[in-house]
Amino acid sequence: MKPNHLRWKIGGQAGYGIMSIGQTISRAFSRGGFFVVGYPEYPSLIRGGHNTTAVRISEDPVFSVDHKVEVLVALNKETVEVDLPEVIPGGAVIYDPSDYTEDPIKLRSDVLWVAIPMTQIVKEHTGERVMRNMIATGATMGLVHYPFERLETAIREGFAKKGEEVIAKNVEIARIGYETAKESAIAGKFPLTMTPVEKPRSHLFLGGNSAIALGALSAGVQFVAGYPMTPSSSILMDMAKVEQRYGVIFKQTEDELAAMNMICGAAFAGARALTATSGGGFSLMVEALGMAGIMELPVVVVEGQRPGPSTGLPTWTSQGDLLFVISASQGESPRLVLAPGDVNECYYETAKVFNLADKYQLPVILLMDKHIGETYVSVEPFDQNKVQIERGQLLSPEQASKMMQDKGWTQFKRHEVTDSGVSPRVIPGTPGSPYICSSYEHDETGWTTEESDKVKAQYDKRMRKLEGLLHDIPGPTWFGPEDAPLTVVCWGSTRTAALQAMEDLAADGIMLNVLHFTYLFPFKAAETITALQKTQQVLNVEGNATAQFAQLVRTHTGIEFEQHLLKYDGRPFFPEDIVNKVKDLLIKSK
Amino acid sequence: MKPNHLRWKIGGQAGYGIMSIGQTISRAFSRGGFFVVGYPEYPSLIRGGHNTTAVRISEDPVFSVDHKVEVLVALNKETVEVDLPEVIPGGAVIYDPSDYTEDPIKLRSDVLWVAIPMTQIVKEHTGERVMRNMIATGATMGLVHYPFERLETAIREGFAKKGEEVIAKNVEIARIGYETAKESAIAGKFPLTMTPVEKPRSHLFLGGNSAIALGALSAGVQFVAGYPMTPSSSILMDMAKVEQRYGVIFKQTEDELAAMNMICGAAFAGARALTATSGGGFSLMVEALGMAGIMELPVVVVEGQRPGPSTGLPTWTSQGDLLFVISASQGESPRLVLAPGDVNECYYETAKVFNLADKYQLPVILLMDKHIGETYVSVEPFDQNKVQIERGQLLSPEQASKMMQDKGWTQFKRHEVTDSGVSPRVIPGTPGSPYICSSYEHDETGWTTEESDKVKAQYDKRMRKLEGLLHDIPGPTWFGPEDAPLTVVCWGSTRTAALQAMEDLAADGIMLNVLHFTYLFPFKAAETITALQKTQQVLNVEGNATAQFAQLVRTHTGIEFEQHLLKYDGRPFFPEDIVNKVKDLLIKSK
Amino acid sequence: MKPLDYNQSEHEIQWCPGCGDFGILLAAKNAYANLGLKPENIVMVSGIGCSGKIPHYVKTYGFEGLHGRALPPAQAIKLVNNELEVVVFAGDGDGYGIGMGHFIHSMRRNMDMLYVVHNNQVYGLTKGQASPTTEVGAKTSSTPKGVIEAPINPLLLALSSNATWIGRGFAGDIKHLTSLIEQGIAHKGFALLDVFQPCVTYNKINTFQFFQQRVYKLEEEKAYDPTNKLMAFERMQEWGEKIPIGVLYKEDRPTYEDQLPQLASGPLIKQNPKRDISELLKAFA
Amino acid sequence: MKPLDYNQSEHEIQWCPGCGDFGILLAAKNAYANLGLKPENIVMVSGIGCSGKIPHYVKTYGFEGLHGRALPPAQAIKLVNNELEVVVFAGDGDGYGIGMGHFIHSMRRNMDMLYVVHNNQVYGLTKGQASPTTEVGAKTSSTPKGVIEAPINPLLLALSSNATWIGRGFAGDIKHLTSLIEQGIAHKGFALLDVFQPCVTYNKINTFQFFQQRVYKLEEEKAYDPTNKLMAFERMQEWGEKIPIGVLYKEDRPTYEDQLPQLASGPLIKQNPKRDISELLKAFA
Ligand SMILES: Cc1ncc(C[n+]2csc(CCOP(=O)(O)OP(=O)(O)O)c2C)c(N)n1
Ligand SMILES: Cc1ncc(C[n+]2csc(CCOP(=O)(O)OP(=O)(O)O)c2C)c(N)n1
Ligand code: SF4
Ligand code: SF4
Ligand SMILES: [Mg+2]
Ligand SMILES: [Mg+2]
């Protein structure tokens, strides 16, 4: 145990505030200058089931939680049953003695059992049962000797909207937990202390979904349509909250078919438009995705992956939809697919791809997942000034009429065949250039055609856009020492676990580097080949059963990865998954 | 021009019986012992536009029409404008002089212009304008000195349901065409004669869509649900016609979502079930396709490709949906994908894959296209006795109760984890074994689970089915000489053009062989590698812009094809497309 | 059979304590028992939502399909084996939102089945967004400023779509609900049963109390004639201080399956699928 | 503006000669001219079908989307630019079959647009299958033994779904149809206009003659009050010897867009998308 490094986990039933208390404790430490990352796990139920939130707190940057904790808070017996193995020797378990008739110490004698009579305290102080989490949080702070005022501030902020009475009650009850823990005989035996750092950082503290919503708002999104679906609903609900403040329209639709068709209509009419869904909803958007392709409409679709097939595991994570979104919809139509690697990218890349959508007039698929969407981390505050809004070749009425004159057009050629494949566009309301935007194959004006050469010209023009796009997007990113004997290849959300594993292994003297892909399609083949030439041994890590990214790499480069670490049980990669696999490989290759 | 080899094409407006007359003339020759293949082309309109039917007739087996004809029948001026270049020097154009004020001979002097006053004849004999096609057909027969009785029989059969009066009128008018042509001065100059062969073959004469319907009926299909969509509607309409006769239920649904979900319900309840659609409708089936995967339901989906993206070119052909159907739906679920290479396979493979669907309890996607679906050919009569119905591990109530006893189950384990991945199943109505069939991830009994090991066990079990399946399906097929210097690789409907090209090139002394894939997923990687090792130079031929099959091959074998012939203008490959490309390549490689 | 005989005993039920879904579950089991239905002859089909979990909790055959798509598989099950009793359960988002198309088209077909909609006027499982039956002005996570769309009226839609039996129940009155489920199953044709099913977690307006204070039973009103379409039309619009429950409308119309000669010799899946298509082949000779 | 000014002159119109769609096309252009609408301010949105081709034939902005999905893009277009006149065209298969869900939900929203359904009671473009409005008993390629499902009644569905203007026209009476399209566009809110549109190729029952013999105009009947819901309910069920056309129902209800404070300062797309979200970021600090 290192001072100022705490891995903490709380477990209990749904409805007992497991997620919100994770936020509170995280905020308390974040405000003390710590880096934090928090990861909630919960079943697809409204009440009951086993819920947990794991938080990692450190004075150094942290990327990912893992399956080891210094402190476990058990709000019920089930948590002890399920999560006790994660407590490291010498760690502590904060529990409620009223859950036990016998002393639980016999379950494991190498951990400290910190009995906090939460149920009793709640009763004595006329609190609600849900407040046990607050007592436990107070107790945690007491145990690690963190100043209580930090927690008090966090409570004040978190409950700001609930009024002074609620705040006071929570602070009172948290303080009792704090004192009880601090004064308990056992507390003295616990060696870990957390001390606020000297110069607190002004971190933001949020999950990937929130960052996506913020990024879209910064990018000037004007129209958002969607149908709730875990794990992406929160993006929609965020928009519902702010639509009036920021001049956005959020429309909850009757289904995902409507949502996707709506954003196509909005894009046609000139608005920046977004939808957010998960794989099941995306399945219903597939037809209109192709329409956006042939109509050349800039739209942004957030696809938050969860494990399939079908309804699958709604509240868990996955990287199983990669090949699906790349080839979704009949025929062939261009698109951009990317999967942010961290919360920062969720903000900045979202803002950026609105520009790419406009520049190339095509749909963008932002491949998220439950893990990156809901895992919250501390990040440098987003710099709005870095976000530019570039609408591409969207003509003003003046530009349009000049263009028609210059080119001698009697009819506006919305789908003019150009070298770049991109054609200037106008929006309804522009005088003189009415055109038909059609899902049929068409000629340059939009008129339906079945003539071989016109068909081919349009098809080629559309696909040509991928060339410029490929040039505009970055290739993979290297992390870690250049000459590492082993490279972890990964994409999207798996980066956090890989980076954490890299640090953890470095501590063990094992060198590793990471090659991470955010932009996935069109595929940066040349850059990938160059990058892979620098590797000695490669371990491909991804969250699906058929190594979809490895398939993609092989399709476009011929390169086959020999080692895979695949996970498809709904859990994200934890750093130790990678650590263990790497150790295995290195032993074998010796 | 060789005797007994005729390439014939008729062109005119939609609504002028272009398609049906192609059938009549084909039947007349088929009954005379000839091999025929007929290919209709028409726009997405009910009336008007330019429609054609091309027919190739030969005493030797034929695979495909091409873009050269000995006889062109022009029912309007547009046909001459568009199709005249296809007539070979010395060929004939049958036309209606009333379409011209000047003699059209100046358009091309190297062809025979056979003027048949069709409009006038129709008027004189109080026929309808649509009957001009019959006159032209008679004229064709006269021109090539084919016995008129053969045509008369074909007319009698084709119009059997319309009554004697209609038949008599058509025969009368056809005969006038026949005599007019035969007696015309020009006729004597036309060297091509067609003579019925000695022992007429008892061929069937049909397109791939009809063969699919027949195959499904032979396989005991019991439930068909679908929503009309070109080019697959005819399969549904065929079922509507015979449902009462054969104990099938055909349900036209409100949309494709309903159709796919319905066949899942039907399969769950124990029926053999099928739907047919095109890419747009398939897009709406994607979500339920994944459901069939997780529920382990045997269903058969016919996907008749047409050019996309989106509405695209509804009445034209494409091979653009391959990667889409292979990776369609969120998450990963097993499926079988195949694309019949000819009408024979449409029948026999359809019948066979119903068994595979049942054996492995998964969805089968029969990838068709407009070309193979609607191009009609003469084939050996289908042998129903070759079709076996094997329902796989579908337990009778007795078997089910015995199984429960033997295994000591209190609850039926519908998704029992087995080595093969296949679990015995029961259907509703079976006493003692009620179970829940769920789109959530589940344990062996069907109960929703989120436990890591159970999730993984089910996921693995389902994917394991692909191993057995891979073993049960055939690899690619060779056609032509083993040691050819060039191999055409193709899949699905492109086979016919490839085989015809092979024959045509052989006539020019150029050797070629063809490696054709009917079964596409799971992919026969080992067999493909072995097969490709035997090749010298490879030309990959497919009907899409991104060489999807080549991508598939590279993904699974690492092998990259260097030469591609790709077509995506809605037209199928014609033999001369391949012939020309091959000649090009051979010149270059010299 | 007793209601207990339909218990799916091995697992815990996963609804929030006090949820209206418990009432529907109980009433369904009661009705099955009262009608003496064998567990193996019932298929409970559902979509996805809190409501959609119900087939898990009863020892019958179950099919928990996709969100919004309970009706299509249910119809197919009925068509291929019309000896089965098909009972379909949906949520209001599920059945009246994303599933609206199937709902309307199912009614005009009139296949013999009961369609029970757990109408809690909210999206429960996805945590409280507005549903198509949420009242105007209601503040939800997706409508923080209040709903501005008129809610749908499922009963009126059913009346306009030729449903042959239209009922409404309340999950807080299990005896009455049991009887409605029984009648709905017994009815020959498509029966819609909309059920007020308070969501104790996300709907703080349409609570048990809300309905207890408002509902009244149509069958207690002598003058009400459920075969009178005009009467039904008016009564289906009643909302506010008084809200009618019971059978609002019924009529006799042949079912879809009864018009299929293919089924004269018994359920499709009991017929031999091996068939001789020689005659059909002749058409292509 | 004159009707001719809306002509899309470069290409030939691709419907069968005599098709009812010509009547709708003509009436639409008349109505635009009578209302003095600028071509660039009209967006004609359609689905796929013979009906769906109509935006090609008029010199306005057009959006020919997916089969069954005309309404969703239309609504979005209106929402992001409510200065545009959005007129939506659908087929009966398109709008009432596959598009049923969007239809019902659009009506309850009451956005300001006109929805014209080319009701030829058949699937035209796919060559003559039964549609949701095909009459019972009709033999089509998909129902060779005759339809056995009750057709839907679009007007009743609209009445049950809170549409605020419900009309019916006949493509054989262009003057009357023109006036209905004008009224529908002028109405503030969602207007449904169902149009009898004979398909001369595939529907041999519901021909021009069929309707000429049966239709009568409601506005010629003094006693008919289109604001009376009950009257509308009864009249919408009239079918057989006499069939009413005209405005069957209308009411005033605020439109969806009028309830959006975001639009107070003008259409969304005219607002500056650059915004400062500092305050929002604070919530995450
Ligand atoms: C295609 C699709 N979209 C969205 C979801 C997410 N989802 C699951 S349940 C649900 C709504 C639940 O509301 P309701 O149908 O009223 O059922 P309740 O939970 O209230 O019983 C949604 C949107 C999904 N499973 N599938
Ligand atoms: C998803 C999808 N399914 C099916 C089709 C094929 N399709 C095109 S038009 C049409 C129906 C046409 O009927 P209707 O909507 O009544 O229009 P009409 O042609 O009669 O005007 C169908 C089924 C399609 N384009 N897309
Ligand atoms: S969220 Fe509502 S509907 Fe769902 S189980 Fe809880 S109370 Fe019932
Ligand atoms: S098929 Fe019918 S609806 Fe279509 S254009 Fe012809 S007449 Fe009109
Ligand atoms: Mg609900
Ligand atoms: Mg129609």
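Not measured: the values here are computed from a predicted model. In what follows, chains are A, B, ... by sequence order, proteins preceding strands, each numbered from 1.
Of the atoms belonging to Ala259(B), not a single heavy atom falls under 4.5 Å from chain C. Contacts between Ser433(B) and chain C at a heavy-atom distance below 4.5 Å involve backbone atoms as well as side-chain atoms. With a threshold of 4.5 angstrom between heavy atoms, Asp238(B) does not approach chain C through any atom at all. Contacts of His105(C) with chain B are made by side-chain atoms alone, with heavy-atom separations under 4.5 Å and no backbone atom involved. For Val242(B), the part lying under 4.5 angstrom from a heavy atom of chain C is the side chain only. With a 4.5 Å cut-off on non-hydrogen atoms, Lys78(C) does not touch chain B at all. Residue contact with chain B, scored on non-hydrogen atoms closer than 4.5 Å, is absent for Ile104(C). Contact of Ala74(C) with chain B is not made at all, since no heavy-atom distance falls under 4.5 Å. Residue Leu71(C) does not touch chain B at all, counting heavy-atom pairs closer than 4.5 Å. When heavy atoms are compared at a cutoff of 4.5 Å, Thr448(B) approaches chain C by way of both its backbone and its side chain. Ser278(C) touches chain B through backbone and side chain together, each having a heavy atom under 4.5 Å away. Residue Glu243(B) touches chain C through both its backbone and its side chain, counting heavy-atom pairs closer than 4.5 Å. Of the atoms belonging to Lys38(C), not a single heavy atom falls under 4.5 Å from chain B. The contact between Leu79(C) and chain B is made by backbone and side chain atoms together, counting heavy-atom distances below 4.5 Å. Heavy-atom distances place the side chain of Gln8(C), and not its backbone, under 4.5 Å from chain B. For chain B, the nearby parts of Gln271(C) are the backbone and the side chain; heavy atoms of each come within less than 4.5 Å. Heavy atoms closer than 4.5 Å to chain C are found nowhere in Ile294(B), neither backbone nor side chain.
Of the listed residues Pro428(B), Ala219(B), Ser439(B), the one with more heavy-atom pairs under 4.5 angstrom with chain C than any other is Pro428(B). With respect to chain B, the highest number of heavy-atom pairs below 4.5 Å among Val58(C), Asn41(C), Thr60(C) belongs to Thr60(C). Per-residue heavy-atom pair counts under 4.5 Å with chain B were compared for Ile48(C), Asn81(C), Val45(C), and the maximum is reached by Ile48(C). Between chain C and the residues Arg245(B), Glu157(B), Arg27(B), Met260(B), the largest count of heavy-atom pairs under 4.5 Å involves Arg245(B). When His56(C), Lys282(C), Gln14(C) are compared by the number of non-hydrogen pairs under 4.5 Å with chain B, His56(C) comes out ahead. Of the listed residues His102(C), Lys53(C), Gln75(C), the one with more heavy-atom pairs under 4.5 angstrom with chain B than any other is His102(C). Listed options Tyr376(B), Phe382(B), Tyr440(B), Phe412(B) were ranked by heavy-atom pairs under 4.5 angstrom with chain C; first place goes to Tyr440(B). Counting heavy-atom pairs under 4.5 Å between each of Lys274(C), Met44(C), Arg109(C) and chain B puts Arg109(C) at the top.
To the nearest 0.5 Å, atom OH of residue Tyr246(B) and atom CG of residue Asp276(C) are 7.0 Å apart. Atoms NE2 and CD1, from His415(B) and Ile436(B) in turn, are 9.0 Å apart once rounded to the nearest 0.5 Å. One finds the CD1 atom of Ile249(B) at 5.0 Å from the CG atom of Leu268(C) (value rounded to the nearest 0.5 Å).
Partners of Glu64(C) by salt bridge (charged side-chain N to carboxylate O under 4.0 Å, His left out), not counting sequence neighbours: none found. Partners of Glu398(B) under the side-chain hydrogen bond (donor to acceptor under 3.5 Å, both in side chains) rule, at least two apart in sequence or in another chain, are Ser396(B). The side-chain contact (heavy atoms from CB on, under 4.5 Å) search around Arg425(B) returns Pro298(B), Asp358(B), Gln361(B), Arg391(B), Leu394(B), Arg414(B), not counting sequence neighbours.
Ring geometry for Tyr115(C) against Phe103(C) counts as tilted: the plane angle lies between 30° and 60°, on a 0 to 90° scale. Using bins of under 30°, 30° to 60° and over 60° for the plane-to-plane angle, the ring pair Trp447(B)/His11(C) lands in the parallel bin.
Within the 3.5 Å criterion, the main-chain N or O of Cys50(C) finds a donor-acceptor partner in the side chain of Trp15(C). Side-chain N or O atoms of Glu40(C) include none that pairs as donor or acceptor with a backbone N or O of Gly432(B) at under 3.5 Å. Asp443(B) contributes no side-chain N or O that, together with a main-chain N or O of Thr449(B), makes up a donor-acceptor pair within less than 3.5 Å. Of the possible donor and acceptor atoms, none in the side chain of Asp92(C) sits under 3.5 Å from a partner among the backbone N and O of Val117(C). Using modelled atom types, no side-chain atom of Ser142(C) and backbone atom of Gln129(C) make a donor-acceptor pair closer than 3.5 Å. Panel note: side chain Asn261(B), backbone Leu66(C); no donor-acceptor pair is recorded below 3.5 Å.
At least one side-chain heavy atom of Val116(C) sits under 4.5 Å from a side-chain heavy atom of Phe89(C). Side-chain contact between Leu214(B) and Leu280(C) is present, with heavy atoms from C-beta onward closer than 4.5 Å.
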Run the numbers on Arg108(C) and Glu254(B) for salt bridge (charged side-chain N to carboxylate O under 4.0 Å, His left out), then give the verdict. CA-CA 11 Å; Arg108(C) 68 195 193 85; Glu254(B) 57 274 29; over 6 Å; no

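Chain C is approached within less than 4.5 Å, heavy atom to heavy atom, by Gly265(B), Ala266(B), Phe268(B), Ala269(B), Gly270(B), Ala271(B) from residues 265-275 of chain B, ordered by number.
If you look at Phe35(B) and His203(B), their ring centroids are closer than 6.0 Å.
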